[in-house]
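Taking it in order: structure first as structure tokens, then the write-up.
Keep in mind it's a predicted model, so treat the numbers as computed, not measured. Quick note: numbers below take in every heavy atom, side chains included, and nothing from hydrogens, waters or symmetry partners. Note that ligands are numbered from 1 as they come in the structure, with each ligand's atoms numbered from 1 the same way.
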Amino acid sequence: MEALGSTLGIQVSSGTNITRRQYGPLTLRSPSRSMVSSCYIAYWELRLERSCFASKLALHKTARSMTDFECRSSIQEDKSSVQTKSGSGTPLRRKKLAVFVSGGGSNFRAIHEATVEGSIYGDVTVLVTDKPSCGGAEYARDNEIPVILFPKGKSISEGLSPDDLVSTLRNFEVDFILLAGFLKLIPVELVRAYPRSILNIHPSLLPAFGGKGFYGLNVHKAVVASGARYSGPTVHFVDEHYDTGRILAQRVVPVLANDTAEQLAARVLQQEHQIYVEVVSALCEERIIWREDGVPLIRRKENPNGYY
Ligand SMILES: Nc1nc2c(c(=O)[nH]1)N[C@@H](CN(C=O)c1ccc(C(=O)N[C@@H](CCC(=O)O)C(=O)O)cc1)CN2
Ligand SMILES: NCC(=O)N[C@@H]1O[C@H](COP(=O)([O-])[O-])[C@@H](O)[C@H]1O
């Protein structure tokens with residue numbers, strides 16, 4: 001039942017042809033999806049028996065829909081597997097996404113809505129949070145997306161350990177992990193298990209105003225206080241430190257002379273919702289390429305020879 005996501009990367013050196021290199025094992029699929037989902041739910045309930053009743057209750061609520069969801073998504077996959085082709089013309093597999101949140105979840109909602117209306121060729125199959133009552137977790141439950149608690153905290157006894165989190169995401173057959181306002185450090189076990197497959201959105205133009213302590217309104221307060229004339233969101237790959245992973249995309253937003261941190265935050269957040277959907281769309285369509293010097297680029301959909 002173990003399934004490993006495929007991670008496709010294309011190594012390019014400037015001016016030469018792009019060669020396609022696959023450096024992740026292909027997804028192994030069991031013969032029957034319903035067998036997978038029933039085994040998986042049985043496995044998951046077994047694990048939850050030993051932990052808090054509340055999260056089991058939450059999972060029971062979604063377990064039913066998960067079976068339906070599993071059938072629906074397999075039909076969706078059959079119907080849509082020929083919808084999009086990769087650069088080399090081979091049919092793309094619809095990607096499975098895990099989203100990590102700690103707060104209101106507006107970026108999560110923008111991404112989920114984009115998967116439903118079709119601009120992202122993927123599905124949010126699981127939500128991970130350290131705050132089970134946050135807005136993002138509530139939205140997930142309302143949309144029958146399973147919610148996983150991570151990390152184990154002093155108050156959250158039923159949270160998963162890093163190794164349990166990795167195996168749980170493997171069981172959900174997750175291809176990519178999207179951090180969207182998640183406020184805890186992603187452990188090295190997860191970073192290593194999902195190479196070049198974890199993205200984060202940060203509300204400043206990294207490397208400025210990033211690192212430990214730079215989250216939420218703290219970032220915008222620091223930007224306004226610095227006198228910077230521009231700010232904006234950054235989408236970057238995640239490594240084992242806060243905000244030091246490879247930058248993939250940015251957008252510039254003006255900082256006005258009389259801006260409060262809240263006004264700047266709102267202006268940046270509007271751009272976050274757009275840039276994150278654009279980047280995740282490219283990720284799911286395998287349009288991310290890696291320059292020889294390790295800088296990731298996005299291949300334009302309308303012009304395969306254009307990058308940004
Ligand atoms: N391994 C990584 N983990 C995470 C990254 C990352 O780049 N690599 N990004 C962050 C998101 N983030 C900025 O984009 C960020 C989030 C939180 C903090 C921070 O200082 N957190 C506080 C705790 C806050 C709380 O629990 O309320 C802290 O660690 O003291 C900095 C940057 C997500 N994870
Ligand atoms: N350093 C991490 C960080 O500050 N992330 C920021 O938290 C907010 C979450 O909003 P949301 O929950 O509405 O998506 C977003 O502005 C995101 O950039």
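Ranked by closest heavy atom to atom 11 (P) of ligand 2, the top entry among S204, S106, G136, A265 is S106. Within the set A266, G103, G181, the minimum heavy-atom distance to atom 8 (C) of ligand 2 is found for G181. Counting heavy atoms only, H202 comes closest to atom 1 (N) of ligand 2 of the residues H220, K212, R109, H202.
Contact annotation for F182 and ligand 2: no heavy atom of the residue comes within less than 4.0 Å of the ligand. Under 4.0 Å from ligand 1, heavy atoms of L185 appear from its side chain as well as its backbone. Here H241 has backbone heavy atoms under 4.0 Å from ligand 1, and that is the only part of it that gets that close.
Here R94 pairs with D123 in a salt bridge; the nearest charged N to carboxylate O distance falls below 4.0 Å. Between E138 and K131, no side-chain nitrogen of the basic residue sits less than 4.0 Å from a carboxylate oxygen of the acidic one, so the salt-bridge criterion is not met.
Side-chain contact of T244 with D239: a donor-acceptor pair under 3.5 Å is present, judged by distance alone. Side chain to side chain, H273 and S106 meet the donor-acceptor criterion of an N or O pair below 3.5 Å. T260 and Q263 share a side-chain donor-acceptor pair at under 3.5 Å.
The N/O atoms of V238, backbone and side chain alike, include none that comes under 3.5 Å of an N/O atom in ligand 1. Close N/O approach between H202 and ligand 1 is found [any backbone or side-chain N/O within under 3.5 Å]. Ligand 1 has an N or O atom lying under 3.5 Å from an N or O atom of G213, backbone or side chain. Not a single N or O atom of D243, backbone or side chain, sits closer than 3.5 Å to an N or O atom of ligand 2.
The nearest protein atom to atom 29 (O) of ligand 1, hydrogens excluded, is given as Y242 OH, 2.7 Å; this is a heavy-atom distance. For atom 7 (O) of ligand 1, the closest non-hydrogen atom of the protein is D243 N, 2.8 Å. Among protein heavy atoms, the minimum distance from atom 17 (C) of ligand 1 is reached at L183 O, 3.4 Å. What sits closest to atom 30 (O) of ligand 1 on the protein, heavy atoms only, is K212 NZ, 2.9 Å. Of the protein's heavy atoms, K184 NZ, 3.9 Å lies nearest to atom 25 (C) of ligand 1. The single protein non-hydrogen atom nearest to atom 3 (C) of ligand 2 is P203 CD, 3.7 Å, given as residue, atom name and distance. Among all protein heavy atoms, the one lying closest to atom 19 (C) of ligand 1 is Y215 CD2, 3.4 Å. Summary of contacts: the protein heavy atom closest to atom 33 (C) of ligand 1 is F182 O, 3.2 Å. From the protein, the heavy atom lying nearest to atom 2 (C) of ligand 1 is D239 O, 3.4 Å. The shortest contact between atom 12 (O) of ligand 2 and any protein heavy atom is with G105 N, 2.8 Å.
Under the 4.0 angstrom criterion for non-hydrogen atoms, G211 is in contact with ligand 1. Heavy-atom distances between V188 and ligand 1 stay at or above 4.0 Å for every pair. Put simply, part of I201 is less than 4.0 Å from ligand 2, judged by heavy atoms.
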Inset, instruction - Give the intermediate values and the outcome of salt bridge (Lys or Arg N to Asp or Glu O under 4.0 Å) for residues D259 and R267. - result: CA-CA 10 Å; D259 262 345; R267 194 174 308 123; 2.6 Å; yes
Inset, instruction - Show your reasoning for whether salt bridge (Lys or Arg N to Asp or Glu O under 4.0 Å) applies to K95 and E286. - result: CA-CA 10 Å; K95 301 306 188 291; E286 299 170 19; 2.8 Å; yes
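Formation of a donor-acceptor pair under 3.5 Å by the T234 side chain with backbone atoms of H202 is not found in this model.
Near E272, the atoms of ligand 2 lying under 4.0 angstrom from a non-hydrogen atom of the residue are 15 (C), 16 (O), 17 (C), 18 (O). Per-residue contacts place F214 under 4.0 angstrom from the following atoms of ligand 1 (heavy atoms of the residue considered): 31 (C), 32 (C). Applying the 4.0 Å criterion to heavy atoms of L269 picks out, from ligand 2, the atoms 16 (O).
Ring orientation note: the planes of F182 and F150 are close to parallel, at an angle under 30° on the 30°/60° scale.
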